J.: 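Have a look at the structure that comes next, please.
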Amino acid sequence: MAASMRVVRALGDPALAAILSPTRLLLPISVIPARTKKRMFNAPYLQKKLTVEEMTKKAKAAGIVVPQETLERPINISCTAGILDAYVPPEGDARLSTLSKDGLKQRTEQLKQTAASQLAIRKIKNYDEDFSTKTFPGEAQEIFIEAHNCLTQFDRHKLHSLVTERCYPEMVRGNRYRTIRWSFVESLEPPRIVQVRCPEMVTKGNLYGQVTVRMHSKQTLIIYDRFGRVECGSEEPRDVLEYLVFERHMVNPYGLWRLHGKIVPSWAPPKDPIVKTVMLPGHELKPWQELEDVSMEKQELAPKQWYK
């Protein structure tokens with residue numbers, strides 16, 4: 001009490017003395033936060049999204065160089081992306097009479113194609129000395145048979161050495177849950193070369209050889225779905241006429257002739273439709289039930305009066 005009186009006498013103000021009294025300073029102090037200014041906060045999902053042009057302008061103003069995005073497509077130099085100057089098989093695979101107008105036109109076109117093929121054969125022989133138009137059709141047929149045997153056995157490592165990167169996805173697409181049974185029965189006609197091309201790609205001197213081989217043979221094909229049901233094909237051999245294209249990267253000294261694609265003529269008959277397995281609506285079975293245990297309710301037809 002004496003100390004507080006001394007403070008009052010020294011300050012001369014009772015209110016100020018009450019604040020600075022020693023007994024009040026010993027009490028616990030409670031801090032209450034006070035909000036002085038309201039600040040706006042925009043959540044990220046509520047902020048306005050800038051357009052590409054606005055972002056580019058903002059980056060340029062900040063001194064940031066934005067690289068121009070271009071749509072790049074990866075390429076594979078070991079093979080071409082398609083069949084160049086594809087062979088057009090004559091309708092019905094028949095030779096017309098040279099006395100008719102269409103036959104004369106067909107003969108003229110054949111002479112042009114033969115001249116272009118001879119030039120391509122010369123280019124191919126400059127890189128592949130063992131290439132011969134007499135022995136190559138037999139080698140192409142062996143590649144064709146071995147590639148399809150690898151496809152049925154799902155030997156993808158060996159299949160890559162027999163078909164090109166363009167042909168591989170076309171052969172294996174959709175075969176993951178299927179079983180393929182294929183066999184080569186016999187050759188009805190000896191295979192023969194109908195067209196040879198040796199185009200340049202990307203740079204001058206980068207040559208690719210493409211040889212079109214005509215094959216007429218007997219084959220069997222059966223495709224089963226994952227439930228073991230036949231989707232397409234039969235065990236009976238069928239006559240198959242095919243125009244197959246084989247390709248090789250001539251500049252590569254380790255290059256091999258591989259199956260590149262197939263030419264389907266416009267007059268070819270349509271393929272057989274694939275029979276798919278579907279699930280029919282029925283009784284919902286519990287995990288411990290069998291279909292035979294569930295009583296199948298027969299729908300009785302309501303009596304109906306027929307009038308003449």
Side-chain angles (χ1 to χ4, degrees), residues 72-84 86-87 89 136-187 191 197 201 208-250 252 254-266 268-279:
E72 296 180 355
R73 180 184 176 187
I75 61 173
N76 191 355
I77 62 172
S78 62
C79 71
T80 58
I83 301 173
L84 304 174
Y87 173 72
F136 182 80
E139 298 174 2
Q141 190 173 12
E142 293 177 1
I143 294 171
F144 171 77
I145 296 172
E146 194 172 358
H148 282 74
N149 289 333
C150 292
L151 179 65
T152 57
Q153 298 168 7
F154 295 100
D155 190 356
R156 58 188 180 89
H157 297 287
K158 192 175 181 181
L159 187 61
H160 273 292
S161 64
L162 297 170
V163 300
T164 59
E165 287 74 14
R166 182 240 181 199
C167 183
Y168 180 82
E170 294 181 358
M171 290 185 68
V172 302
R173 185 182 295 117
N175 298 337
R176 185 174 182 182
Y177 299 108
R178 290 175 178 169
T179 305
I180 302 173
R181 295 287 179 265
W182 178 88
S183 64
F184 185 87
V185 181
E186 60 177 346
S187 182
R197 292 292 181 269
M201 294 291 293
Y208 294 86
Q210 290 188 353
V211 182
T212 306
V213 181
R214 177 187 180 273
M215 291 186 186
H216 190 198
S217 60
K218 269 191 176 182
Q219 304 173 16
T220 59
L221 174 65
I222 308 176
I223 300 177
Y224 299 93
D225 61 3
R226 59 179 177 171
F227 303 106
R229 298 180 177 88
V230 178
E231 276 190 345
C232 180
S234 63
E235 296 182 356
E236 296 181 1
R238 289 190 177 185
D239 298 350
V240 182
L241 178 62
E242 295 175 308
Y243 295 89
L244 306 172
V245 180
F246 295 84
E247 186 183 88
R248 177 183 173 180
H249 191 199
M250 306 309 301
N252 185 6
Y254 303 101
L256 300 172
W257 288 103
R258 298 184 293 174
L259 182 62
H260 186 61
K262 183 189 294 186
I263 297 174
V264 181
S266 57
K271 296 181 180 179
D272 297 335
I274 295 178
V275 181
K276 295 185 177 181
T277 302
V278 296
M279 185 177 66

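Hydrogens, waters and symmetry mates are skipped; everything else that's a heavy atom, side chains included, is used. Nothing here was measured: the structure is a model prediction, and the numbers come from that model.
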J.: Might you point out which heavy atoms bring Pro265 and Pro89 nearest each other, and give the distance in Å?
T.: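 So the two residues come closest at CB-CG, 4.0 Å.
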J.: Who are the salt bridge (Lys or Arg N to Asp or Glu O under 4.0 Å) partners of Lys262, not counting sequence neighbours?
T.: Glu242
J.: Per the salt bridge (charged side-chain N to carboxylate O under 4.0 Å, His left out) rule, what does the pair list look like for residues 148-164, sequence neighbours excluded?
T.: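 Checked against salt bridge (charged side-chain N to carboxylate O under 4.0 Å, His left out) - neighbours excluded - the pairs reaching residues 148-164 are Glu146-Lys158.
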J.: With His249, which residues qualify under ring-ring contact (aromatic ring centres under 6.0 Å, His included), at least two apart?
T.: Tyr208
J.: How close do Val185 and Pro237 get, heavy atom to heavy atom, and via which atoms?
T.: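 In this case the closest contact between Val185 and Pro237 is CG2-CB, 4.1 Å.
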J.: For a quick test of reading the model, state the closest non-hydrogen atom pair linking Ser161 to Leu256 and the distance between them.
T.: O-CD1, 4.4 Å
J.: Give me the atom names and distance for the closest heavy-atom approach of Ile143 to Trp257.
T.: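 In this case the closest contact between Ile143 and Trp257 is CD1-O, 3.4 Å.
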J.: Working note: Leu159 + Val172, criterion side-chain contact (heavy atoms from CB on, under 4.5 Å); need CA distance, chi angles, decisive distance, verdict.
T.: CA-CA 10 Å; Leu159 187 61; Val172 302; 4.0 Å; yes
J.: Could you pull out all residues at least two apart from Phe184 that satisfy ring-ring contact (aromatic ring centres under 6.0 Å, His included)?
T.: none
J.: Test your reading of the model: is there a side-chain donor-acceptor pair from His260 to the backbone of Gly82, 3.5 Å cut-off?
T.: yes
J.: Could you pull out all residues at least two apart from Ser78 that satisfy side-chain hydrogen bond (donor to acceptor under 3.5 Å, both in side chains)?
T.: Asn76, Glu165
J.: Just do the side-chain contact (heavy atoms from CB on, under 4.5 Å) check on Val211 and Val213 with the steps written out, would you?
T.: CA-CA 6 Å; Val211 182; Val213 181; 4.1 Å; yes
J.: Can you sort out the partners of Arg173 under side chain to side chain contact (heavy atoms under 4.5 Å, CB included), two or more places apart, ordered by chain and number?
T.: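 Residues passing side chain to side chain contact (heavy atoms under 4.5 Å, CB included) with Arg173: Pro169, Glu170.
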J.: Among residues two or more places apart or on two chains, list those pairs meeting ring pair (Phe, Tyr, Trp, His ring centres under 6.0 Å) that have a residue in residues 209-229.
T.: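 Checked against ring pair (Phe, Tyr, Trp, His ring centres under 6.0 Å) - neighbours excluded - no pair reaches residues 209-229.
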J.: Would Thr80 and Glu247 satisfy side-chain contact (heavy atoms from CB on, under 4.5 Å), going step by step from the backbone distance to the final call?
T.: CA-CA 9 Å; Thr80 58; Glu247 186 183 88; 2.5 Å; yes
J.: Under the salt bridge (charged side-chain N to carboxylate O under 4.0 Å, His left out) rule, what pairs show up with a residue in residues 227-238, not counting sequence neighbours?
T.: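 Applying salt bridge (charged side-chain N to carboxylate O under 4.0 Å, His left out) to every pair that reaches into residues 227-238, excluding sequence neighbours, yields Arg178-Glu231, Arg238-Asp272.
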J.: Among residues two or more places apart or on two chains, list those pairs meeting salt bridge (charged side-chain N to carboxylate O under 4.0 Å, His left out) that have a residue in residues 219-228.
T.: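 Residue pairs with at least one partner in residues 219-228: there are none.
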J.: Phe246: what forms a ring-ring contact (aromatic ring centres under 6.0 Å, His included) with it, not counting sequence neighbours?
T.: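 Partners of Phe246 under the ring-ring contact (aromatic ring centres under 6.0 Å, His included) test: none.
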J.: Among residues at least two apart in sequence or on other chains, which ones pass side-chain hydrogen bond (donor to acceptor under 3.5 Å, both in side chains) with Thr179?
T.: none
J.: Mind checking the CG-CG spacing from Leu244 to Leu259? Nearest 0.5 Å is all I need.
T.: 6.0 Å
J.: Write down the atom of Arg258, the atom of Cys79, and the distance for their closest heavy-atom approach.
T.: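 Looking at all heavy atoms of both residues, the closest pair is NH2-CB, 4.4 Å.
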J.: Per the side chain to side chain donor-acceptor pair (under 3.5 Å) rule, what does the pair list look like for residues 136-145, sequence neighbours excluded?
T.: none
J.: Decide yes or no for Met171 and Val163: does some side-chain heavy atom of the first lie under 4.5 Å from some side-chain heavy atom of the second?
T.: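 Counting from C-beta outward, Met171 and Val163 do come under 4.5 Å.
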J.: Can you tell me how far the CD1 atom of Ile145 sits from the OG atom of Ser187, to the nearest 0.5 Å?
T.: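 So the gap between those two atoms works out to 8.0 Å.
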J.: Working to the nearest 0.5 Å, report the span between CG of Asn175 and OG1 of Thr152.
T.: 10.5 Å
J.: In terms of side-chain heavy atoms, does Ser183 have a donor or acceptor partner in Thr220 at a distance below 3.5 Å?
T.: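 Judged by distance alone, the side chains do pair up.
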J.: Show the numbers, then the answer: is there a side-chain contact (heavy atoms from CB on, under 4.5 Å) between Val230 and Ile222?
T.: CA-CA 7 Å; Val230 178; Ile222 308 176; 4.2 Å; yes
J.: Taking all atoms of both residues into account, what is the closest heavy-atom pair of Gln210 and Leu84, and its distance?
T.: OE1-N, 3.2 Å
